[in-house]
Amino acid sequence: MYYGYGISEETVRLAQRAEADCQPVFKKIEENAMICSAKVLKAFQELRVSSSDFIDITGYGYSDPGRDKIEALYAAVFGAEDALVRPQLMSGTHALAITLGGLLKAGDTLLYVSGEPYDTLRSVIGTSGDSRNSLIRCGIKYEEIDLIGDDFDLEKIKERVERGDIRVAAIQRSRGYSRRRSLTIDKIAEAIKVIKDACPETIIMVDNCYGEFTEDREPTDVGADVFVGSMMKNLGAGFATSGAYCVGKKDVIADIAERYSAPCIGKDLGANFNQLASYFKGFFVAPATVAATLKAMAFAARMFELCGFSGISPTYDEKRTDIVQVVDFGSEEKLIKFCTGLQKGSPVESYATPYPSEMPGYPHPEISAAGTFVTGATNELSCDGPLTPPYTAFMQGALTYEYGKLGIMRAIDEMFDRQIEG
């Protein structure tokens, strides 16, 4: 028995070695969490957060000081002028669609400089799917520039932006369902400088999903005009039960807010649905929760290496810029078994068995494990992957390192059909 929780002896021995190897990595993660926590605590104090800021506002949501305060907090912590933090934004994809719709008009050009975006956003843009409400069907032109060896093609970006007709240049920080590595803030800073030097009027938007607080800087710290993310990921920290956000320059947020609500109304409307206390609390503990996730993912990466799997990205000791861990299991059976084991190691619906199925917006059948308190929350321990070679698992989340470690160990036992003691 492992602390009274059934794990095989083989997996316990493997975990002890993996955890020992990860100690220098854990120390760096904890140092970053302290830097981010200090920024958050300072903002809470300087903006005089009060229990009165948590009061529920109903109806249209006029005159909501708590809503204004949480948005001021986001702006302060991320070095921005303004923010839109709302439960009406249903997901990261929804917030990105609202952002692009607010900033682009017919005849404008959107340029993705990080290659093809992830699956569901392609339907928003119109490069896949058949929605007549896609950006392309609404008269917006779209181009993309591929990455070169997991880095920006700075020369091609410079040449294209210098022509002066790019309204929005977009960067996807995390990998999505792709083989490329996620983009560090240092690399994003280089690309932003090239774009702004070539055409200062171009608006730079960063899809920051999965990336918040994984480094000590965010995209607005290095010149992005706006970045966007989901409350079901890092910044909700398991407390927020819905919502997404946009952080950036005041005029940019104003345009986005008018698409979110209505022209000339913008941020003035939108009841908080009694989410404010969870938003404040989630944001407050987010640096620690992100650190727990990063430690769990580093531990998982080392476990996968010790088990002999390939396609592990990032490796356990590699610099991380998001909470996603990737591994190629090499077979459909191993992928399904790992997801089954991770579900068994979850606190919610551990009795359920995941099966591959079709998912809206994705081209292949998917298998997913997500025994989460908030449905679909990817800052809680979860894993999914397409049922196509090389049978890659995309794993993320862990509200605490301890629970993440236990879930990963249970999944490895399941994958190797190891006998559980006790």
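The first residue of the sequence shown is numbered 1, and numbering continues consecutively from there.
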Novice: Can any side-chain N or O of Glu218 pair as donor or acceptor with the backbone N or O of Thr220 at less than 3.5 Å?
Specialist: no

Novice: Checking Asn234 side chain against Tyr210 main chain: does a donor-acceptor pair fall under 3.5 Å?
Specialist: yes

Novice: Verify the neighbour count for atom NZ of Lys158: are there more than 12 heavy atoms of other residues, nucleotides or ligands below 6.0 Å?
Specialist: no

Novice: Tell me the closest heavy-atom pair linking Ser178 and Arg175, and the distance in Å.
Specialist: OG-O, 2.6 Å

Novice: Report, as yes or no, whether the 6.0 Å neighbourhood of atom NZ on Lys344 holds more than 12 heavy atoms from other residues, nucleotides or ligands.
Specialist: no

Novice: State, to 0.1 Å, how close Asp216 and Cys36 come at their nearest heavy-atom pair, and which atoms those are.
Specialist: CA-SG, 4.3 Å

Novice: Using modelled atom types and a 3.5 Å cut-off, is there a donor and acceptor pairing between side-chain atoms of Thr214 and backbone atoms of Gly211?
Specialist: yes

Novice: Do the two ring centres, one from Tyr316 and one from Phe299, sit under 6.0 Å apart?
Specialist: no

Novice: Taking C-beta and beyond as the side chain, do Val324 and Met297 meet within less than 4.5 Å on heavy atoms?
Specialist: no

Novice: In chain order, what residues pass the side chain to side chain contact (heavy atoms under 4.5 Å, CB included) check against Arg132, with sequence neighbours excluded?
Specialist: Arg137

Novice: Output yes when Arg410 and Glu414 qualify as a salt bridge under the 4.0 Å nitrogen-oxygen rule, no when they do not.
Specialist: no

Novice: Restricting to ring-ring contact (aromatic ring centres under 6.0 Å, His included), what partner residues turn up for Tyr112, sequence neighbours left out?
Specialist: none

Novice: Are Ile98 and Met90 packed together at the side-chain level, in the sense that at least one heavy-atom pair is separated by less than 4.5 angstrom?
Specialist: no

Novice: Is it true that a side-chain atom of Thr99 and a backbone atom of Ala95 form a donor plus acceptor pair closer than 3.5 Å?
Specialist: yes

Novice: Say whether, by atom type as modelled, one donor and one acceptor occur between the side chain of Ser261 and the main chain of Ala257 under 3.5 angstrom.
Specialist: yes

Novice: Hey, what do you get for OG1 (Thr11) to CE (Met415), rounding to the nearest 0.5 Å?
Specialist: 9.0 Å

Novice: For Ser50, does its backbone N or O pair with a side-chain atom of Asp53 as donor and acceptor, under 3.5 Å?
Specialist: yes

Novice: Under a plain distance cut-off of 3.5 Å, with no hydrogens placed, do Thr340 and Gln343 share a side-chain donor-acceptor pair?
Specialist: no

Novice: Strictly below 4.0 Å, N to O, side chains only: are Arg160 and Glu143 in salt-bridge contact?
Specialist: yes

Novice: Can you see which heavy atom on Cys22 is nearest to which on Ala298, and at what distance?
Specialist: SG-O, 3.7 Å

Novice: Give every donor-acceptor pair under 3.5 Å between a side-chain atom in residues 395-402 and any protein atom, sequence neighbours left out.
Specialist:
{"unit_1": "Gln396", "atom_1": "NE2", "unit_2": "Ser382", "atom_2": "OG", "d": "2.9"}
{"unit_1": "Thr400", "atom_1": "OG1", "unit_2": "Tyr403", "atom_2": "N", "d": "3.1"}
{"unit_1": "Tyr401", "atom_1": "OH", "unit_2": "Glu19", "atom_2": "OE2", "d": "2.6"}

Novice: Using modelled atom types and a 3.5 Å cut-off, is there a donor and acceptor pairing between side-chain atoms of Ser331 and backbone atoms of Lys334?
Specialist: yes

Novice: Can you label the angle between the Tyr60 ring and the Tyr62 ring as parallel, tilted or perpendicular, going by 30° and 60°?
Specialist: tilted

Novice: Verify side-chain contact (heavy atoms from CB on, under 4.5 Å) between Leu276 and Asp64, making sure each step is shown before the conclusion.
Specialist: CA-CA 10 Å; Leu276 283 177; Asp64 186 345; 3.8 Å; yes

Novice: Out of curiosity, Leu104 CG to Lys141 NZ, how far, rounded to the nearest 0.5 Å?
Specialist: 11.5 Å

Novice: Is the closest side-chain heavy-atom distance between Thr392 and Arg179 below 4.5 Å?
Specialist: yes

Novice: Closest approach of Ala377 and Thr372, non-hydrogen atoms and distance?
Specialist: O-CG2, 3.6 Å

Novice: Check whether more than 12 heavy atoms from other residues, nucleotides or ligands sit under 6.0 Å from atom CD of Glu155, and answer yes or no.
Specialist: no

Novice: What are the two closest non-hydrogen atoms of Val247 and Ala80, and how far apart are they?
Specialist: CG1-CB, 3.3 Å

Novice: Donor-acceptor pair, distance only, cut-off 3.5 Å: does the side chain of Glu144 make one with the backbone of Val113?
Specialist: no

Novice: Will you find, in the side chains of Thr120 and Thr93, an N or O donor that is under 3.5 Å from an N or O acceptor?
Specialist: yes

Novice: How far apart are the C-alpha atoms of Val326 and Ile312, what are their side-chain angles, what is the distance that settles it, and do they pass the side-chain contact (heavy atoms from CB on, under 4.5 Å) test?
Specialist: CA-CA 6 Å; Val326 174; Ile312 299 164; over 6 Å; no

Novice: So, Asp108 side chain and Lys105 main chain: donor-acceptor pair closer than 3.5 Å or not?
Specialist: yes

Novice: Do Thr241 and Phe373 have side chains that get closer than 4.5 Å, going by heavy atoms?
Specialist: no

Novice: Is there a side-chain contact (heavy atoms from CB on, under 4.5 Å) between Ile171 and Ile188? Walk through the geometry before answering.
Specialist: CA-CA 8 Å; Ile171 296 169; Ile188 290 171; 4.2 Å; yes

Novice: Once rounded to the nearest 0.5 Å, what's the spacing between atom CG of Leu121 and atom SG of Cys209?
Specialist: 9.5 Å

Novice: Begin from the C-alpha positions of Phe227 and Phe78 and carry the test ring-ring contact (aromatic ring centres under 6.0 Å, His included) through to its verdict.
Specialist: CA-CA 10 Å; Phe227 70 82; Phe78 297 131; 5.3 Å; yes

Novice: Between Glu318 (side chain only) and Thr315 (backbone N and O only), is there a donor and an acceptor less than 3.5 Å apart?
Specialist: yes

Novice: Any side-chain heavy atom of Arg86 sitting closer than 4.5 Å to one from Arg67?
Specialist: yes

Novice: With the side chain counted from C-beta on, respond yes when Leu41 and Phe284 share a heavy-atom pair under 4.5 Å apart, and no when they do not.
Specialist: yes

Novice: Looking at SG of Cys138 and CG of Asn133, how far apart are the two atoms once the value is rounded to the nearest 0.5 Å?
Specialist: 6.0 Å

Novice: Could you state the interatomic distance from CZ (Phe152) to CD1 (Ile157), rounded to the nearest 0.5 Å?
Specialist: 6.0 Å

Novice: How about Cys199 and Ile166: do any of their side-chain heavy atoms sit closer than 4.5 Å?
Specialist: no

Novice: Aromatic rings Phe338 and Phe329: how do their planes relate, parallel, tilted or perpendicular, breaks at 30° and 60°?
Specialist: tilted

Novice: Would you call Lys250 and Asp225 a salt bridge, taking side-chain N to carboxylate O under 4.0 Å as the test?
Specialist: no

Novice: Answer yes or no: is there an ion pair linking Lys267 with Asp68, defined by an N-O contact shorter than 4.0 Å?
Specialist: no

Novice: As an exercise, state the distance from CG of Leu294 to CG of Asn32, rounded to the nearest 0.5 Å.
Specialist: 8.0 Å

Novice: Near Phe44 CZ, under 6.0 Å, is it more than 12 heavy atoms from other residues, nucleotides or ligands?
Specialist: yes

Novice: Does Glu366 form a side chain to side chain donor-acceptor pair (under 3.5 Å) with Ser357? I'd like the steps, not just the answer.
Specialist: CA-CA 5 Å; Glu366 303 278 326; Ser357 64; over 6 Å; no

Novice: Any carboxylate oxygen within less than 4.0 angstrom of a Lys/Arg side-chain nitrogen, looking at Arg180 and Asp150?
Specialist: no

Novice: Flag the pair Arg173 and Glu215 as a salt bridge only when some basic side-chain nitrogen lies within less than 4.0 angstrom of an acidic carboxylate oxygen.
Specialist: yes

Novice: Please check if atom NZ in Lys281 has more than 12 non-hydrogen atoms from other residues, nucleotides or ligands closer than 6.0 Å.
Specialist: no

Novice: Can you list the steps and then say if Tyr245 with Leu84 is a side-chain contact (heavy atoms from CB on, under 4.5 Å)?
Specialist: CA-CA 5 Å; Tyr245 72 88; Leu84 184 71; over 6 Å; no

Novice: For Gly282 and Ala237, which heavy atoms make the closest approach, and how far apart are they?
Specialist: O-CB, 3.3 Å

Novice: Salt bridge between Glu201 and Arg167, side-chain N to carboxylate O under 4.0 Å?
Specialist: no

Novice: Is any side-chain heavy atom of Tyr279 less than 4.5 Å from a side-chain heavy atom of Met231?
Specialist: yes

